[in-house]
Number of protein chains: 2
Amino acid sequence: MALSSRAHAFSVEALVGRPSKRKLRDPREEAQPELLEKDGGEEEERRSSAAAGRKSKLTEKRTKTGPLATTFGFNSFGSLEEKDIIQVELQGSELWKSFHDIGTEMIITKAGRRMFPSVRVKVKGLDPGKQYYVAIDVVPVDSKRYRYIYHSSQWMIAGNTDHSCITPRVYIHPDSPCSGETWMRQIISFDRVKLTNNEMDDKGHIILQSMHKYKPRVHVMKQDSRVDLSRIQSLPAEGVKTFSFKETEFTTVTAYQNQQITKLKIDRNPFAKGFRDPGRNRWKQQLIPSDL
Amino acid sequence: MALSSRAHAFSVEALVGRPSKRKLRDPREEAQPELLEKDGGEEEERRSSAAAGRKSKLTEKRTKTGPLATTFGFNSFGSLEEKDIIQVELQGSELWKSFHDIGTEMIITKAGRRMFPSVRVKVKGLDPGKQYYVAIDVVPVDSKRYRYIYHSSQWMIAGNTDHSCITPRVYIHPDSPCSGETWMRQIISFDRVKLTNNEMDDKGHIILQSMHKYKPRVHVMKQDSRVDLSRIQSLPAEGVKTFSFKETEFTTVTAYQNQQITKLKIDRNPFAKGFRDPGRNRWKQQLIPSDL
DNA sequence: CAATTTCCACCTAGGTGTGAAACT
DNA sequence: AGTTTCACACCTAGGTGGAAATTG
């Protein structure tokens with residue numbers, strides 16, 4: 001155990017990984033209505049795998065690969081076909097849950113930092129012959145600023161923030177636009193999205209504030225020949241289906257707070273392989289000039 | 001001088017780099033009509049910088065950044081506006097010319113190999129508000145098979161090949177579709193295109209035959225909502241403007257034939273830096289077990 | 001024997017967390 | 001004291017030509 005000195009003071013409870021506190025906070029959040037969906041009237045259906053029993057008629061076809069989010073076809077597209085029941089299924093939800101159970105943290109930097117895990121989804125119910133855009137954005141979960149308390153390994157509310165005047169940036173999936181057939185045939189990965197705390201960012205990265213809670217949202221929209229969706233910065237008012245998943249919520253940080261998160265990231269992110277234990281601090285020894 | 005042993009037998013003439021022979025062959029090729037443009041009736045205007053004197057009315061606005069190719073608006077798009085005079089300008093033409101003067105070779109492999117130099121262009125005369133696709137393909141320059149003669153450092157005709165039944169694969173620029181405004185604002189680079197000699201290739205690479213002469217072509221097409229251009233394998237019959245540049249012609253090889261080409265590639269391609277002279281064959285000495 | 005394939009050392013390009021320094 | 005930034009060693013991912021092996 002030779003991880004970051006930043007999270008040096010952690011409780012035994014945090015290391016054992018008892019998920020009780022976190023589980024207790026969830027029901028309250030699930031019950032509260034969507035506060036942030038005023039900008040278009042699109043319906044958002046969130047379904048964690050724990051709530052997978054509802055709407056069995058729609059979930060009959062579910063494979064056991066992961067949680068599923070569904071939006072009913074209330075015809076903002078103008079089409080009445082049964083196929084209008086678009087479903088979006090999160091891939092890699094087990095990994096997301098591993099982080100979520102601890103309290104997911106995502107690093108944000110000036111230059112932009114990828115998410116790990118990244119959002120990857122499968123889409124069903126599209127019209128194979130029609131063209132769609134698929135996009136992602138990240139919206140605040142609440143209006144609170146958080147602070148991590150080391151000795152209790154807990155996130156505490158540390159203040160309020162007004163997000164209401166900020167329109168979140170949208171990252172259009174690079175394959176867009178693309179036929180429904182093609183979208184449905186592949187796993188749609190947003191692994192190249194980058195998060196930044198630089199409000200002046202000009203590289204199209206998603207701008208967030210550190211020490212706040214956010215959730216990614218996936219958007220599916222039929223191609224509209226009237227607007228060039230490929231260059232927009234904000235979502236159109238209608239014709240957009242929006243999906244999100246409880247287990248992808250995270251807190252933004254500029255340096256990891258909870259050492260369990262650091263450990264899990266190092267363990268699962270291929271790019272952090274150099275920090276895995278077995279062969280670690282071997283290079284440190286080479287820096288000591290003792291062979292002379 | 002410790003380059004490839006393959007091109008060991010080279011003439012002094014080749015090393016000095018006298019361009020006379022090549023220059024002599026060019027006029028014949030320029031005079032011959034396009035043989036391979038039967039598939040759509042699109043007009044192709046080729047203009048090397050050596051022929052830049054013609055059509056001065058159109059080239060007045062030319063900057064001195066490179067050669068320019070122009071297609072007149074004869075309304076396959078149905079529009080009559082003056083803006084229909086689309087111009088495509090090759091970027092990095094000095095580098096291309098350095099290779100062309102020697103006799104450009106491009107390696108092709110089963111897995112696919114990038115081109116160096118890569119095709120990079122600037123486009124002018126698009127309708128800023130309309131959507132366009134930009135694409136590249138590579139077509140045969142003639143029906144000959146070539147062989148490199150080491151002792152005279154020359155390419156000789158070695159036989160005939162019938163290309164007529166092969167429709168070339170098209171590589172759609174990944175930014176497609178995109179507004180004319182955006183296309184014109186940036187340099188359009190095809191550096192990710194890969195060439196292969198694998199006729200069964202399923203990765204969308206451009207399939208070529210080794211030891212043949214080819215030229216890349218750049219295509220500009222207005223978006224047609226009737227067809228999903230993003231997934232096509234061959235060009236539509238109409239509404240396509242096609243451009244090519246004499247200095248981007250090349251001969252396909254599976255291993256470099258002319259040592260001057262090898263030298264120039266190593267010198268200019270960042271990925272071949274490891275073969276540049278100063279620090280070379282230092283690692284070879286480490287492999288000799290002589291320190292015991 | 002010419003042409004092609006394969007494996008390799010050496011690069012570019014860029015995604016990790018670290019730990020010290022800087023900021024506020 | 002909490003938070004942010006920076007240079008850095010260490011990775012992944014993949015683009016080079018060399019040289020030996022293989023192909024036809």
Side-chain angles (χ1 to χ4, degrees), chain A residues 2-9 105 107-116 118 145-150 156 158-159 191-194 196-198 209-211 252-257 259 261-276 279-287, chain B residues 2-8 105 107-116 118 145-150 158 191-198 209-211 252-257 259 261-276 279-287:
Chain A
L3 295 173
S4 169
S5 63
R6 201 166 313 282
H8 229 84
E105 299 175 21
I107 288 195
I108 57 180
T109 67
K110 227 170 84 177
R113 196 77 152 192
R114 288 188 179 178
M115 292 173 61
F116 187 87
S118 56
R145 178 183 177 80
Y146 289 83
R147 168 172 300 174
Y148 189 74
I149 311 299
Y150 290 97
M156 302 286 282
D191 55 349
R192 279 155 121 125
V193 187
K194 285 188 176 178
T196 183
N197 57 349
N198 180 11
Q209 290 183 38
S210 187
M211 298 295 166
T252 47
V253 295
T254 56
Y256 290 127
Q257 304 294 306
Q259 191 177 352
I261 289 294
T262 311
K263 193 172 181 306
L264 198 49
K265 295 250 184 179
I266 288 172
D267 221 44
R268 307 299 293 270
N269 188 336
F271 288 110
K273 201 176 186 178
F275 298 101
R276 288 179 193 166
R280 228 158 88 71
N281 63 11
R282 205 181 301 165
W283 59 272
K284 278 183 182 173
Q285 294 170 5
Q286 288 183 347
L287 289 181
Chain B
L3 297 172
S4 169
S5 64
R6 200 165 315 281
H8 230 84
E105 299 174 21
I107 288 195
I108 57 178
T109 67
K110 227 169 85 176
R113 197 77 152 190
R114 287 189 180 178
M115 293 172 61
F116 187 87
S118 55
R145 179 183 176 79
Y146 289 84
R147 168 173 300 177
Y148 188 73
I149 310 300
Y150 289 98
D191 56 348
R192 277 153 122 125
V193 186
K194 286 189 176 176
L195 312 181
T196 183
N197 57 349
N198 180 12
Q209 289 183 38
S210 188
M211 300 294 166
T252 47
V253 296
T254 55
Y256 290 127
Q257 304 294 307
Q259 191 178 352
I261 290 295
T262 312
K263 193 173 181 305
L264 198 50
K265 296 251 185 179
I266 288 173
D267 221 44
R268 307 299 294 269
N269 189 336
F271 288 111
K273 201 177 187 178
F275 296 101
R276 289 179 194 166
R280 230 159 86 70
N281 65 11
R282 205 181 302 166
W283 59 271
K284 278 183 182 173
Q285 292 170 5
Q286 288 183 346
L287 290 180

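Rounded to whole Å, atom C1' of C:dG15 lies 13 Å from atom CZ of A:R276. Between the P atom of C:dT16 and the CG atom of A:D191 lies a distance of 10 Å, rounded to the nearest Å. Summarising the geometry, the separation between NZ on B:K194 and C1' on D:dG15 is reported as 8 Å, rounded to the nearest angstrom. Between B:D267 atom CG and C:dC11 atom C1' the separation is 15 Å, expressed in whole Å. Nucleotide C:dT18 holds its P atom 12 Å from the CD atom of A:Q257, rounded to whole Å. Atom CD1 in B:I107 sits about 13 Å away from atom C1' in C:dT6, given to the nearest Å. If you take CZ of B:R192 and C1' of D:dA13, they are 12 Å apart, rounded to a whole angstrom. Whole-Å rounding puts the B:Q259 CD to D:dG17 P distance at 14 Å.
One N or O on the side chain of A:Q257 and one on the backbone of A:A255 form a donor-acceptor pair closer than 3.5 Å.
Here B:Y146 and B:Y148 keep their ring centres 6.0 angstrom or further from each other.
Along DNA chain C, the nucleotide nearest to B:P270 and the one nearest to B:R145 differ in position, and the one closer to the 5' end is contacted by B:R145. Toward the 5' end of DNA chain D, the nearer of the two residues A:R147 and A:K110, judged by each one's closest nucleotide, is A:R147.
Closest to the side chain of B:T254, out of D:dG18, C:dA3, C:dT12, is C:dA3. Side-chain proximity of B:N269 to the nucleotides C:dT12, C:dT16, D:dT16 is greatest for D:dT16. Closest to the side chain of B:F271, from the set D:dG15, D:dG17, C:dA3, is D:dG15. Listed nucleotides D:dT5, D:dT4, D:dG18 differ in distance to B:F275; the shortest reach to its side chain belongs to D:dG18. The listed nucleotides are C:dG15, C:dT5, D:dT4; the one nearest the side chain of B:N197 is C:dT5. Of the candidates C:dG17, D:dG15, D:dG17, the closest approach to any side-chain atom of B:R114 belongs to D:dG15. Of the candidate nucleotides D:dG17, C:dA13, D:dT3, D:dG17 has the atom nearest to the side chain of B:T262.
To the nearest 0.5 angstrom, B:I107 atom CD1 is 11.0 Å from B:T252 atom OG1. With rounding to the nearest 0.5 angstrom, the CZ atom of A:R145 is 6.5 Å from the OG atom of A:S210.
Across every non-hydrogen atom of A:T109 and A:T196, the tightest pair is O-OG1, 2.8 Å.
The phosphate of C:dT5 has neither OP1 nor OP2 within less than 4.0 Å of any side-chain N or O from B:N198. Dashed line: the shortest gap from a side-chain N or O of A:K273 to OP1 or OP2 of D:dT12 is under 4.0 Å.
A:T109 comes within 4.0 angstrom of no nucleic acid atom, judged by non-hydrogen atoms across all strands. Heavy atoms of A:R113 sit under 4.0 angstrom from at least one base atom.
Scored by the side-chain contact (heavy atoms from CB on, under 4.5 Å) test, A:F271 finds A:R114, A:N269 as partners (sequence neighbours excluded).
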